[in-house]
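Quick notes on the structure that follows.
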Amino acid sequence: MAIPKAPVKRIIQEAGAERVSADAVDALAEYLEDYAEEVSEKAVTYAKYAKRKTVKEEDVALAIGSPKTESPVEEKHNILEVIKDVFEAASEGKGIEDIIKSFKKKEK
């Protein structure tokens, strides 16, 4: 599917070009199509990962690396806190099973 040339030419003109060659329009249109295809493939992968058939704005945002998502990713643990807690538990003589149990309690 080809991107219409008129909007591509308008983008170049709005960027400040006085005149735009047909070759320039074709080159940018081809680049935009290739980039859009890559982003689309990634967005579809994110939608499938979320067990959805519908690609949403958040999938596209993730695919382009934008921080704009509907619901931000929630950080479960601060890594420094985790390390500190592990050292404290170990110094108290707790085993790995006890440490894992304590993390599971914190997640709830």
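It should be emphasised that the depicted structure is a prediction, and the values quoted were computed from it without experimental measurement.
- With values rounded to the nearest 0.5 angstrom, Glu18 atom CD is found 10.5 Å from Gln13 atom CD.
- The NZ atom of Lys9 lies 9.5 Å from the OG atom of Ser21; values are rounded to the nearest 0.5 Å.
- Atoms CG and OG1, on Asp59 and Thr45 in that order, are 9.5 Å from each other to the nearest 0.5 Å.
- A salt bridge links Arg52 with Glu58; the closest basic N to acidic carboxylate O contact falls under 4.0 Å.
- With hydrogens and angles ignored, the 3.5 Å screen pairs no side-chain donor or acceptor of Asp34 with any backbone N or O of Tyr31.
- For the pair Val39 and Ala63, the tightest heavy-atom approach, listed with the atom from each and the gap, is O-CB, 3.5 Å.
- Other residues, nucleotides and ligands contribute only 12 or fewer heavy atoms inside 6.0 Å of the CD atom of Glu30.
- Summarising the geometry, atom CG belonging to Leu62 is positioned 11.5 Å from atom OH belonging to Tyr49; distances are rounded to the nearest 0.5 Å.
- Residues Val25 and Val8 share a closest heavy-atom pair of O-CG1, 3.6 Å.
- Rounded to the nearest 0.5 Å, atoms CZ (Arg19) and CD1 (Ile12) are 14.0 Å apart.
- Contact between Val20 and Ala17 at its shortest, heavy atoms only, is CG2-CB, 3.9 Å.
- Taking CG from Leu28 and NZ from Lys5, the interatomic distance works out to 12.0 Å, rounded to the nearest 0.5 Å.
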